[in-house]
Amino acid sequence: MTRTTPMKRSAIARTSAAPKMTARRKPKARPGRDQAALDVCRGEQCFLRLDSVCLGASGAATVVPAHSNQGIHGKGKGIKAFDRFTVPACHACHAELDSGNRMTRAQKALAWDTAYFAWEPVRAQRFTALGKTLSALPISKIVPRGDHL
């Protein structure tokens, strides 16, 4: 089929009202989600302190919760570890832990475990001060030091 007359041009139809802005989406519900565990990491110093990577005191504004990358803490393909297994880390240390190539997987696991066991008593103190508690996890997900190697 061919047209015998060309298509007519017209102005773009516009609505009088501006498009509605939607609210930020709520995080997807997943096992091990614990907002309180993430909140206590904010405003802390970097606990990973990776040599020749850490921003130290100058990176205090970039500190965020760094999740474990170990399967024993709930990590899987496309699945984050439980929020209970986080440590405060500056941007540089967090990037090296997640996608850096300076350390082997075992070295990264050891660095994270060391930071986690240093962070645990501080986190417990902060939870007590805020009057909050960590969400309960099955005992099988709580792993003692050194079982990752």
Side-chain angles (χ1 to χ4, degrees), residues 10-149:
S10 62
I12 297 173
R14 297 186 191 269
T15 60
S16 60
K20 291 183 180 180
M21 297 299 290
T22 58
R24 187 170 180 215
R25 286 187 353 162
K26 190 175 171 184
K28 191 161 80 170
R30 60 178 169 79
R33 177 105 175 112
D34 189 351
Q35 189 61 44
L38 300 176
D39 291 343
V40 295
C41 288
R42 305 205 190 282
E44 284 291 327
Q45 63 178 338
C46 178
F47 272 74
L48 274 177
R49 298 183 193 116
L50 301 178
D51 292 335
S52 70
V53 175
C54 190
L55 300 175
S58 64
T62 68
V63 172
V64 293
H67 287 79
S68 170
N69 290 333
Q70 302 170 47
I72 57 176
H73 298 138
K75 172 78 171 116
K77 187 174 181 177
I79 300 170
K80 240 181 206 186
F82 298 129
D83 290 342
R84 168 180 227 153
F85 298 108
T86 56
V87 294
C90 67
H91 170 73
C93 288
H94 195 176
E96 181 62 30
L97 182 73
D98 284 346
S99 58
N101 56 4
R102 296 179 188 197
M103 302 183 331
T104 64
R105 183 176 288 178
Q107 289 171 327
K108 289 179 183 182
L110 184 61
W112 189 90
D113 283 346
T114 303
Y116 182 72
F117 288 107
W119 166 240
E120 252 184 330
V122 176
R123 181 185 63 189
Q125 213 172 31
R126 294 234 10 227
F127 267 101
T128 304
L130 294 172
K132 295 182 179 180
T133 58
L134 277 170
S135 63
L137 279 179
I139 291 296
S140 63
K141 297 296 180 187
I142 299 172
V143 179
R145 185 188 309 215
D147 282 4
H148 66 282
L149 299 174

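Count residues from 1 along the sequence. What you see is a predicted model, and the numbers here were worked out from it, not measured in a lab.
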Around Q107, counting heavy atoms of other residues, nucleotides and ligands shown, do more than 12 lie under 6.0 Å from its CD?
-> yes
Closest non-hydrogen contact found for K108 with M103 is CG-CE, 3.4 Å
Provide the closest heavy-atom pair for A66 versus L97 in the form atom of the first, atom of the second, distance.
-> CB-CD2, 4.3 Å
Taking side-chain hydrogen bond (donor to acceptor under 3.5 Å, both in side chains) as the test, write out the residues that go with E96, two or more places apart.
-> none
Provide the closest heavy-atom pair for W119 versus C41 in the form atom of the first, atom of the second, distance.
-> CZ2-SG, 3.9 Å
Closest contact, heavy atoms only, L50 versus A111 | CD2-CB, 3.7 Å
Between A89 and C46, which heavy-atom pair has the shortest distance, and what is it?
-> CA-SG, 3.8 Å
Do R42 and V63 have side chains that get closer than 4.5 Å, going by heavy atoms?
-> no
Quick one: CD1 on I79 to NZ on K77, what's the gap to the nearest 0.5 Å?
-> 11.0 Å
Who are the side-chain contact (heavy atoms from CB on, under 4.5 Å) partners of Q45, not counting sequence neighbours?
-> F47, R49
Measure from the side-chain N and O atoms of R123 to the backbone N and O of R84, and report whether any donor-acceptor pair falls under 3.5 Å.
-> yes
Once the angle between the rings of F85 and F82 is folded into 0 to 90°, is it parallel (under 30°), tilted (30 to 60°) or perpendicular (over 60°)?
-> tilted
T62: partners by side-chain contact (heavy atoms from CB on, under 4.5 Å), with sequence neighbours left out = L55, C90, H91
Just by modelled atom types, is the S52 backbone N or O under 3.5 Å from a matching donor or acceptor in the R102 side chain?
-> yes
Closest non-hydrogen atom pair between L48 and W112, with its separation = CD2-CA, 3.9 Å
L38: side-chain contact (heavy atoms from CB on, under 4.5 Å) partners, not counting sequence neighbours | R33, Q35, P65, H67, D83, T86
